[in-house]
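Note sheet for the following structure.
Computed from heavy atoms alone, side chains included, the values below leave out hydrogens, waters and symmetry copies. Chain letters run A, B, ... following the sequence lines, proteins first and then strands; every chain starts at 1.
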Number of protein chains: 2
Amino acid sequence: MSHTLGVRQAQKLQTRQALLDAGLRLLENQSLSSLGLREVTRAVGVAPAGFYRHFRDIADLGVALVGESLGSLHAMIQAILDEQDDAAEVINRSVDVIARHVREHRAHIRFIARERHGGVKPVREAIAAELGQFADEVGAALGAQPLSEGWSAADLRMLSELYVDRMLMTATAFMEAPAEDPEAEARIAGTARRQLYLMHLGRQHWLGG
Amino acid sequence: MSHTLGVRQAQKLQTRQALLDAGLRLLENQSLSSLGLREVTRAVGVAPAGFYRHFRDIADLGVALVGESLGSLHAMIQAILDEQDDAAEVINRSVDVIARHVREHRAHIRFIARERHGGVKPVREAIAAELGQFADEVGAALGAQPLSEGWSAADLRMLSELYVDRMLMTATAFMEAPAEDPEAEARIAGTARRQLYLMHLGRQHWLGG
DNA sequence: TCATCCAGTAAACAACTGTTCGCCGAGTCT
DNA sequence: AGACTCGGCGAACAGTTGTTTACTGGATGA
């Protein structure tokens, strides 16, 4: 299993990754449905026909980008969920983690925000599927907390979706702020913390408490 | 002032509206940044050059669509805000109003959801500006309610944005459900009501109540 | 070592794009 | 009635697009 890839296959993967990287970079100022195949290959320095060795079409490349973009986010969420601490502390830490993630993966967040409701169906579906899985995992983690005693499955699910949505909206807000602007970042972080705290209060009093 | 438009200007407005309508329809399966000028004129039955009599470019048409799309939504929100009733009742009515609005303006909601973070900067900015104004008005309405006594301006603002975001996400969820599917609609409505109610609970207990 | 594989190539294809130009002819104003 | 305005037209422009084709040459495996 730990068999080093052949030179052949390694080079192929490298070109594939170059195509993905170039695509992501080109998507900074447009959306996937207007991204051209030639545009991507030109940016990489590869002949147009070479594209087909890696992807069926641009939508296919988009779906691959979904995996890449949501992969790191997934790990991030899990890390947040595993924390157990005072609620306010968890909120503070979560917002910081999100801010940091956006700083390091701005293009990925932009891609997800832009294509979540974008014009390319397979990509929309891939994003929806992965976000749904996020909600599953968040639901499982929340369900294990004492605060969730007596909650129905449907209620837990709506709470999970609320959290996942909020997290993505917060990340998007950070992403849209001008890069390297600590003041804007702080403002967004403050709003995000308050919103999460309000949701937490609602959660505490859900069962007529 | 109530001077009927001249035949000339009336016909021009009619063509302009036809271009907007065709654009909106074509955006069902793509995003604005891939919408072609010729594509739009072809759909209307107008020569390509005629497009420039009405819009500078496709981004300009997009900005016009923002006004059209958010115009009706604006009236809808005001209607919701003016209601004064039991909280649960306001929530029920609001969700119904949103569902109804989406049924009647599906393409408009799709456009806003798709282009809010889309690839065309002027359009993103126009949407952000109008949504910001929505938040202002929601903030003013909420601030006038007894429940908001003692709230700081910043807290009111974060609550308004939370509500506006949620409303848009709910509308988007309705929009993405298969048309004429009462079961899916009911499920989304149920989730939306619960989420709004949880936010309402958080609001009630915001000041350490 | 030698036949096989296959990632990447160059060239050609028809179809399409946004934009500019001068022109027409119906609506407008005096 | 006559001069003027201006929305829409048709043609032409140089570029660009996605896709197919037959090919080359280095890695691969017997």
In terms of side-chain geometry, is the basic nitrogen of [X] or [Y] positioned less than 4.0 Å from the acidic oxygen of its partner?
X	Y	answer
Glu161(A)	Arg157(A)	yes
Asp165(A)	Arg116(A)	yes
Arg124(B)	Glu176(A)	no

Gap between atoms [atom1] and [atom2], on [X] and [N] respectively (whole Å):
X	N	atom1	atom2	answer
Phe55(B)	dG18(C)	CZ	P	15 Å
Leu13(A)	dA27(D)	CG	C1'	15 Å
Tyr52(A)	dA22(D)	OH	P	17 Å
Asp57(B)	dG18(C)	CG	C1'	10 Å

* Going through the checks in order, is the side chain to side chain donor-acceptor pair (under 3.5 Å) test met by His74(A) and Glu130(A)? -> CA-CA 9 Å; His74(A) 184 256; Glu130(A) 296 222 29; over 6 Å; no
Pairs under 3.5 angstrom, nitrogen or oxygen only, protein versus nucleotides 8-10 of chain C, please.
residue	atom	partner	partner atom	Å
dG8(C)	OP1	Thr15(A)	OG1	2.3
dG8(C)	OP2	His54(A)	NE2	2.6
dG8(C)	N7	Arg53(A)	NE	2.8
dG8(C)	N7	Arg53(A)	NH2	3.2
dG8(C)	O6	Arg53(A)	NH2	2.5
dT9(C)	OP2	Ala47(A)	N	2.7

Fill in: Between CE on residue Met199(A) and CD on residue Gln195(B), distance to nearest 0.5 Å
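Going from CE on Met199(A) over to CD on Gln195(B), the span is 8.5 Å.
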Item to complete: Indicate yes or no for a side-chain donor-acceptor contact from Arg114(B) to the backbone of Gln30(B) under 3.5 Å, with no hydrogens or angles considered.
Response: yes
For Ala144(A), does its backbone N or O pair with a side-chain atom of Ser148(A) as donor and acceptor, under 3.5 Å?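 No; judged by distance alone, with no hydrogens or angles, the pair does not exist.
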What residues 19-41 of chain A contributes to the DNA chain D interface at heavy-atom separation below 4.0 Å is Gly36(A), Leu37(A), Arg38(A)
Side-chain N or O of Arg8(B) less than 4.0 angstrom from OP1 or OP2 on dG25(C)?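 False: Arg8(B) side-chain N/O out of range (4.0 Å or more) of dG25(C) OP1/OP2.
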- Message: Students often get this wrong, so: under 4.0 angstrom with heavy atoms, is Arg56(A) touching a base, only sugar-phosphate, or nothing?
- Response: nothing
- Any side-chain heavy-atom pair from Leu37(B) and Tyr52(B) closer than 4.5 angstrom? yes
